[in-house]
Amino acid sequence: MKIPSLANIKKELKQRDESELVDLVLQLSKLSRDNKAFVYFKLFEADNHELYLTMVKDELEEAFENANLKSYFTAKKSAQAIRRMMNKSLKLTKDKVTIIELLFFFCEKIIEYGYLKFHHPVIDNLYASQVRKIEKLIAGLHEDLQFDYQETLQNFQKYVR
């Protein structure tokens, strides 16, 4: 089966009535937990970025606390799993400030929990890629916000190898 383009799907959705659209969204949210989270966030939390930020930070903090840091291999796997969890959460928002705050939080916890002490290339590259993402996002912000975040960014850049 060939999947049609988004433009074709959009045209078809415009032709449907409200009850069909509601049913379609409900079916979509039943397919995966991510879809359900996305629908919930867009319906109830889209305007409240602070609550969303707090929820995601709590989830990430719990993941960091439960991570296995006994060896570089398990630390690497834990860091990758937490990054995947964070990236799923980042897909739910388009607010650059919220994304930057979550990336700062992730980098802060990587340092705090001692992931960088392993000097493992995968962990180092994972951290460096998050710092590069922050750099790109900050470059797209207003000058005042750039100034606010620049010092924090420089602190994180010290740990990039």
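Of all heavy-atom pairs spanning N87 and K133, the tightest one is OD1-NZ, 3.6 Å. I138 approaches Q150 most closely through the heavy-atom pair CG2-OE1, 3.9 Å. Taking all atoms of both residues into account, the shortest heavy-atom contact from I110 to A79 is CD1-CB, 4.2 Å.
Heavy atoms from other residues, nucleotides or ligands lying under 6.0 Å from CD of E12 number more than 12. Atom CG of L31 has more than 12 heavy atoms from other residues, nucleotides or ligands within 6.0 Å. The number of heavy-atom neighbours closer than 6.0 Å to CD of E62, taken from other residues, nucleotides and ligands shown, is 12 or below.
Looking at D23 and Q27, their side chains do bring a donor and an acceptor atom within 3.5 Å of each other. Neither side chain, D95 nor T93, offers a donor N or O lying under 3.5 Å from an acceptor on the other.
No donor-acceptor pair under 3.5 Å is formed between the side chain of S29 and the backbone N or O of V39.
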Dump the intermediate steps for salt bridge (charged side-chain N to carboxylate O under 4.0 Å, His left out) on E61 and K57, then the final yes or no.
CA-CA 6 Å; E61 180 71 39; K57 280 183 178 180; over 6 Å; no
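When each of Q130, E108, E135 is tested with F156 by the rule side chain to side chain contact (heavy atoms under 4.5 Å, CB included), just one qualifies, namely E108.
Classified by interplanar angle (parallel below 30°, tilted 30° to 60°, perpendicular above 60°), the ring pair Y127/Y159 is perpendicular.
Hydrophobic cluster membership differs between L153 and F147, with clusters built from Ile, Leu, Val, Met, Phe, Trp and Tyr side chains linked at under 4.5 angstrom.
You'll find the side chain of Y149 reaches within 4.5 Å of the side chain of E101, heavy atoms only.
Under the 4.0 Å criterion applied to side-chain N and carboxylate O atoms, E112 and K109 are assigned as salt-bridge partners.
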